[in-house]
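The first residue of the sequence shown is numbered 1, and numbering continues consecutively from there. Since the structure is predicted, the reported quantities are computational estimates derived from the model, not experimental observations.
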Amino acid sequence: MGKKNVISPQRKIGSMIGLFGGLALIILALIMDFQKSSSTIRGPLLIIGAVALLCGVYFFPTLKHHRAVVYIIFLFPLLFAFAVTVVIPLVLGIGYSFTDWNGIRLTKNVGFDNYISMFKQPQFMWSILLTFLFVVLNMVLVNLVSFLLALLCTSKLKGESFFRAAYFLPNLIGGIVLGYIWQFIFSQVLTKLTTALFDNHYSILSDTKTAFMGIIVVYIWQYAGYIMLIYITGLNTIPGDVIEASAIDGAKPFQQLMQVKIPMLAPTITICTFLTLTNAFKMFDVNLALTNGTGSVANFMGSYLTKGTQMIALNIYDTAVINNNYAVGEAKAVFFFIILAIVSIIQVRVSNKKEVEL
């Protein structure tokens, strides 16, 4: 018979001390924080308590589920960070959207008044339409440009590594910095060029339609290199035997592309489409730095709009932070989350269906 694993009394005692002692220290630190104590030991108490609690869980007197306990301990920091930064703010935001919250305190529930109010705002409705147009154009153009760049970077040309790095470099530049760089190019460099060639000092940022196209150009320039790398990975995973067999059968390069490579890239296309769709919806920094949403729209829902290039994310920011209307901003953010979730689910299901067909 095998030797039974015996849990020592010392381990049990140590585990209990860690569990209850760590929990007591955490509670004490939280009480001191709620009482706004000026003591400097709150932080150390909280850290020591958390470490003691995890040690108590680790040495908990059970051998059967010890491995599962270890997994939970290692996953706890990630799960805790996800809960604090995503789950809890989402739940609180949904709750605040039904109140008159001003960013500090709330006095009453207002029901769906915030949601009704936001749908009566012409500027918000315009932002929704503009965002959907932006998403559709970028989802097509970014994937097309990225795929063409990936084909170029896998065609065994000289300097292939240099081109990959050069195309990916814009993605490393922050959106705010990128927006100001392109604002300088559009407003200073290109205007001098048009003045010298056509004697016309014209900036594309001065008109709503051309400014919107400028945002699209900047977004493609920034994001195409990142999506290109994913397509390059997908192209490199296509078995060479399949390409050789199609060449032996007489398939031309274009036929190989359309009938062999693209069908085998279906999972990669799904990933890239999903990434471009979600990131285009959430685009904020370039919109803020490049135009700050400015641009005139003569007549929309009977109103004259002065934020003709403002998209949803920037509209939410302006509502909450600039106009200090946090409750309506939360309502818009919740509505934005619902839109993003629905569109993402539909896109993934349609793409997966296409994968099966291909």
Side-chain angles (χ1 to χ4, degrees), residues 86-139 175 179 205-216 219 277-347:
V86 178
V87 179
I88 295 176
L90 175 62
V91 174
L92 292 177
I94 294 173
Y96 285 141
S97 68
F98 295 98
T99 68
D100 62 345
W101 184 55
N102 62 1
I104 299 176
R105 62 176 64 89
L106 58 91
T107 57
K108 62 179 179 179
N109 293 324
V110 297
F112 289 93
D113 289 353
N114 292 328
Y115 292 90
I116 296 173
S117 173
M118 73 181 186
F119 285 119
K120 291 181 179 180
Q121 297 177 6
Q123 183 63 66
F124 180 63
M125 300 306 296
W126 173 261
S127 299
I128 294 175
L129 295 176
L130 193 69
T131 301
F132 272 96
L133 178 61
F134 178 81
V135 168
V136 172
L137 291 174
N138 277 278
M139 191 168 60
L205 300 181
S206 61
D207 182 76
T208 303
K209 294 180 181 178
T210 55
F212 178 68
M213 297 307 298
I215 296 174
I216 293 176
Y219 184 83
L277 183 144
T278 54
N279 281 280
F281 261 114
K282 297 182 293 184
M283 201 274 289
F284 167 77
D285 44 10
V286 173
N287 192 194
L288 174 66
L290 193 62
T291 66
N292 196 23
T294 56
S296 60
V297 179
N299 185 15
F300 181 75
M301 294 178 61
S303 300
Y304 178 84
L305 306 181
T306 58
K307 296 282 187 177
T309 59
Q310 185 184 73
M311 283 174 262
I312 293 181
L314 184 57
N315 181 271
I316 295 172
Y317 170 80
D318 279 357
T319 301
V321 179
I322 304 301
N323 299 326
N324 198 30
N325 196 344
Y326 285 89
V328 177
E330 285 289 354
K332 291 180 179 181
V334 171
F335 177 70
F336 184 35
F337 168 77
I338 294 172
I339 290 178
L340 193 58
I342 293 174
V343 172
S344 299
I345 292 171
I346 293 174
Q347 185 270 326

[X] side-chain N/O to [Y] backbone N/O, donor-acceptor pair under 3.5 Å:
{"X": "T309", "Y": "G293", "result": "yes"}
{"X": "N287", "Y": "I215", "result": "no"}
{"X": "W126", "Y": "G308", "result": "yes"}
{"X": "S303", "Y": "P122", "result": "no"}
{"X": "S117", "Y": "D113", "result": "no"}
{"X": "S344", "Y": "A341", "result": "no"}
{"X": "D207", "Y": "K209", "result": "yes"}

Could you grab the distance from atom [atom1] of [X] to atom [atom2] of [Y], nearest 0.5 Å is fine?
{"X": "M301", "Y": "K120", "atom1": "CE", "atom2": "NZ", "value": "10.5 Å"}
{"X": "L305", "Y": "Q123", "atom1": "CG", "atom2": "CD", "value": "5.0 Å"}
{"X": "L314", "Y": "I322", "atom1": "CG", "atom2": "CD1", "value": "8.5 Å"}
{"X": "M213", "Y": "T208", "atom1": "CE", "atom2": "OG1", "value": "13.5 Å"}
{"X": "D285", "Y": "L290", "atom1": "CG", "atom2": "CG", "value": "11.0 Å"}
{"X": "F212", "Y": "T291", "atom1": "CZ", "atom2": "OG1", "value": "10.5 Å"}

Considering all heavy atoms of both residues, which atom of [X] and which atom of [Y] are nearest to each other, and what is their separation?
{"X": "G329", "Y": "A320", "result": "CA-CB, 4.4 Å"}
{"X": "V110", "Y": "N114", "result": "CG2-ND2, 3.6 Å"}
{"X": "T278", "Y": "L340", "result": "CA-CD1, 4.2 Å"}
{"X": "K332", "Y": "T319", "result": "NZ-OG1, 2.8 Å"}
{"X": "A280", "Y": "Y219", "result": "N-OH, 3.2 Å"}
{"X": "L205", "Y": "A211", "result": "CA-CB, 3.9 Å"}

Would you mind reporting whether [Y] and [X] have side-chain heavy atoms less than 4.5 Å apart?
{"X": "I128", "Y": "F335", "result": "yes"}
{"X": "N292", "Y": "K307", "result": "yes"}
{"X": "D318", "Y": "Q310", "result": "yes"}
{"X": "N299", "Y": "Y304", "result": "no"}

Ring centroid separation F98 to F112 under 6.0 Å: yes
Pair Y317 + F284: ring centers closer than 6.0 Å: yes
Stepwise side chain to side chain contact (heavy atoms under 4.5 Å, CB included) check, T107 with W101: CA-CA 7 Å; T107 57; W101 184 55; over 6 Å; no
Residues in side chain to side chain donor-acceptor pair (under 3.5 Å) contact with E330, at least two apart in sequence or another chain: none
Verdict with reasoning, I94 to V91, per side chain to side chain contact (heavy atoms under 4.5 Å, CB included): CA-CA 5 Å; I94 294 173; V91 174; 5.8 Å; no
Candidates F134, F132, F337 - the one meeting ring-ring contact (aromatic ring centres under 6.0 Å, His included) with F281: F132
Side chain to side chain contact (heavy atoms under 4.5 Å, CB included) assessment of V343 paired with L277: CA-CA 9 Å; V343 172; L277 183 144; 3.6 Å; yes
